[in-house]
**Student:** 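Got a structure for you, questions after.
Side-chain atoms are counted along with the backbone in the values below, which use heavy atoms only and exclude waters and symmetry mates. Remember, it's 1-based here, ligands and their atoms both numbered in the order they're listed. Predicted model only: the values in this text are computed from it and were never measured.
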Amino acid sequence: MTNETLITQIQRFSVNDGPGFRTNIFLKGCNLKCSWCHNPETQSTDKEIYWKKRLCVQCGECLGACPLEAINPPIDPASAQEEGSTYYKIIKSRCDNCMECVEVCSYGALEAVGQAMTVEEILKEVESDMLFYKNSDGGMTISGGEPTQHKNFALKLMEAGKERGIHICLDTSGHCQWADLYALARNAEVILYDLKHLDDAIHRKLTGVSNKLILENLIHLVEIGTEIWLRIIVIPEHSISLDYHRRCIELLKSLPGEVKRIDIIPFHNWCEDKYGWLGRNWPMGELESVDPSDIQPILDHYLEAGLNATIGGSGFEKAKQIA
Ligand code: SF4
Ligand code: SF4
């Protein structure tokens with residue numbers, strides 16, 4: 001069984017990823033490529049490097065440290081900052097992620113993304129917040145990336161967490177074989193499950209994969225009585241019409257059991273910088289963020305249909321009582 005895996009972040013005191021205060025574990029590696037992904041650093045299973053060009057003074061220290069000539073030579077800092085500049089510090093095709101360059105950059109412009117951690121190391125961090133979990137019905141959320149891509153590791157983490165009395169949420173796209181999802185789901189108290197788009201063609205365009213497995217697995221999860229918090233993303237041009245959400249409601253009503261709550265998640269573009277730090281283009285271009293107050297009519301539709309829906313999906317009701 002795998003002893004360690006790459007983690008991009010352990011995020012403490014989250015209130016948007018399950019009930020109460022959560023410690024989110026972001027596993028690195030995903031089998032989808034959602035265009036709006038706000039954690040693009042979790043998509044690749046490999047270590048990566050953020051290059052924050054605003055901090056880079058083009059001193060050239062990293063160039064001298066790189067054993068593989070995988071650093072572009074310094075250019076005028078102003079040209080590197082120019083909007084639309086395609087200059088990127090790392091030549092990815094040559095880089096083997098040795099991180100020598102990160103070590104020598106004294107300006108904080110280079111940052112390693114992805115740290116190998118064991119289950120024990122993760123749980124040590126998680127357990128330091130036990131008091132907050134107990135007082136808010138919170139716990140640990142296994143996220144990503146896609147946890148089912150790290151099935152053995154995620155399972156070990158969930159089982160060890162449960163043994164220590166930690167409430168476990170699983171945040172999954174559901175794009176995997178049912179047997180893999182089931183193995184993890186039976187160890188989770190709550191599943192955070194994404195409905196990215198109802199139409200298969202649009203789903204493929206926006207995420208790179210079909211929604212077939214995802215919809216099938218949603219039915220399976222409902223059948224076995226899992227507590228599901230379904231996240232429905234609202235994206236301009238793709239999933240913002242009331243008609244689209246009427247169809248989502250029809251789907252929810254046709255399921256063989258209850259979805260505990262529906263979180264309507266407005267698209268936002270706050271993560272655009274991260275794409276630049278990774279040397280990638282933000283796939284959503286100029287698309288504006290959705291103002292949560294503009295989608296109240298969508299929320300009203302779900303509420304009128306008797307569904308337990310929110311905008312944004314905070315699990316903070318209990319947590320805020322003790323803050
Ligand atoms: S060492 Fe840091 S500041 Fe200097 S050129 Fe490299 S990335 Fe830029
Ligand atoms: S990680 Fe290593 S190989 Fe890659 S650019 Fe930095 S020094 Fe060069």
Side-chain angles (χ1 to χ4, degrees), residues 2-12 24-35 37-122 124-125 143-147 149-150 152-154 157 208 269-285:
T2 319
N3 286 325
E4 58 180 25
T5 200
L6 285 183
I7 308 292
T8 60
Q9 190 189 5
I10 295 181
Q11 180 190 41
R12 301 169 70 190
N24 294 333
I25 314 301
F26 291 96
L27 305 176
K28 192 159 170 28
C30 187
N31 52 350
L32 273 67
K33 209 166 184 187
C34 302
S35 307
C37 178
H38 54 272
N39 292 318
E41 74 282 11
T42 63
Q43 291 179 341
S44 164
T45 48
D46 296 326
K47 282 190 177 179
E48 290 175 280
I49 300 173
Y50 280 151
W51 175 58
K52 298 181 178 177
K53 65 180 177 182
R54 283 188 194 86
L55 299 178
C56 177
V57 297
Q58 299 289 345
C59 67
E61 284 295 317
C62 52
L63 185 70
C66 179
L68 295 178
E69 298 184 352
I71 303 270
N72 274 314
I75 61 167
D76 167 31
S79 327
Q81 312 290 345
E82 267 172 24
E83 201 166 335
S85 166
T86 55
Y87 177 85
Y88 191 68
K89 200 73 194 159
I90 315 287
I91 304 168
K92 292 182 185 176
S93 57
R94 293 189 198 161
C95 173
D96 71 353
N97 291 318
C98 72
M99 303 295 163
E100 294 288 332
C101 54
V102 176
E103 295 293 318
V104 300
C105 178
S106 43
Y107 295 88
L110 292 171
E111 192 182 308
V113 182
Q115 181 191 357
M117 291 186 81
T118 64
V119 164
E120 282 306 312
E121 286 167 340
I122 293 169
K124 195 171 165 202
E125 299 237 1
S143 186
E146 173 49 44
Q149 293 294 290
H150 308 257
N152 290 342
F153 185 88
L157 181 57
N269 57 14
W270 310 329
C271 50
E272 189 174 349
D273 278 353
K274 282 189 181 179
Y275 284 81
W277 298 344
L278 292 166
R280 292 168 52 184
N281 291 321
W282 165 233
M284 300 305 269

**Student:** If you apply the rule side-chain contact (heavy atoms from CB on, under 4.5 Å), what do you find for C271 with W282, and how did you get there?
**Tutor:** CA-CA 9 Å; C271 50; W282 165 233; 3.6 Å; yes

**Student:** Enumerate the ring pair (Phe, Tyr, Trp, His ring centres under 6.0 Å) contacts for residues 88-113, please, sequence neighbours excluded, ordered by first and then second residue.
**Tutor:** W51-Y88

**Student:** Side chains of K53 and Q58 only: does a donor on one sit below 3.5 Å from an acceptor on the other?
**Tutor:** no

**Student:** I need the N281 CG to T86 OG1 distance, nearest 0.5 Å.
**Tutor:** 9.0 Å

**Student:** For Q58, take its heavy atoms, then give the atoms of ligand 1 lying under 4.0 Å from any of them.
**Tutor:** 5 (S), 8 (Fe)

**Student:** At what distance, to the nearest 0.5 angstrom, does CE of M117 lie from CD1 of I25?
**Tutor:** 7.5 Å

**Student:** Residues around ligand 2, heavy atom under 4.0 Å from any ligand atom, sorted by chain and number. Can you pull those?
**Tutor:** I49, C66, P67, L68, A70, I71, C95, D96, N97, C98, M99, E100, C101

**Student:** Just how far is it from atom CD1 of I71 to atom CG of L63, taken to the nearest 0.5 Å?
**Tutor:** 7.0 Å

**Student:** Show which atoms of ligand 1 fall inside a sub-4.0 Å distance from at least one heavy-atom site of E61.
**Tutor:** 1 (S)

**Student:** Number the atoms of ligand 1 from 1 as they appear, then name those within less than 4.0 Å of a heavy atom of C56, with their elements.
**Tutor:** 3 (S), 5 (S), 7 (S), 8 (Fe)

**Student:** How long is the gap from CG on N24 to OG1 on T8, to the nearest 0.5 Å?
**Tutor:** 10.0 Å

**Student:** From the options Q149, E48, Q43, select the one residue that forms a side-chain hydrogen bond (donor to acceptor under 3.5 Å, both in side chains) with K28.
**Tutor:** E48

**Student:** Measure the distances from the heavy atoms of G60 to every atom of ligand 1 and state whether one is below 4.0 angstrom.
**Tutor:** yes

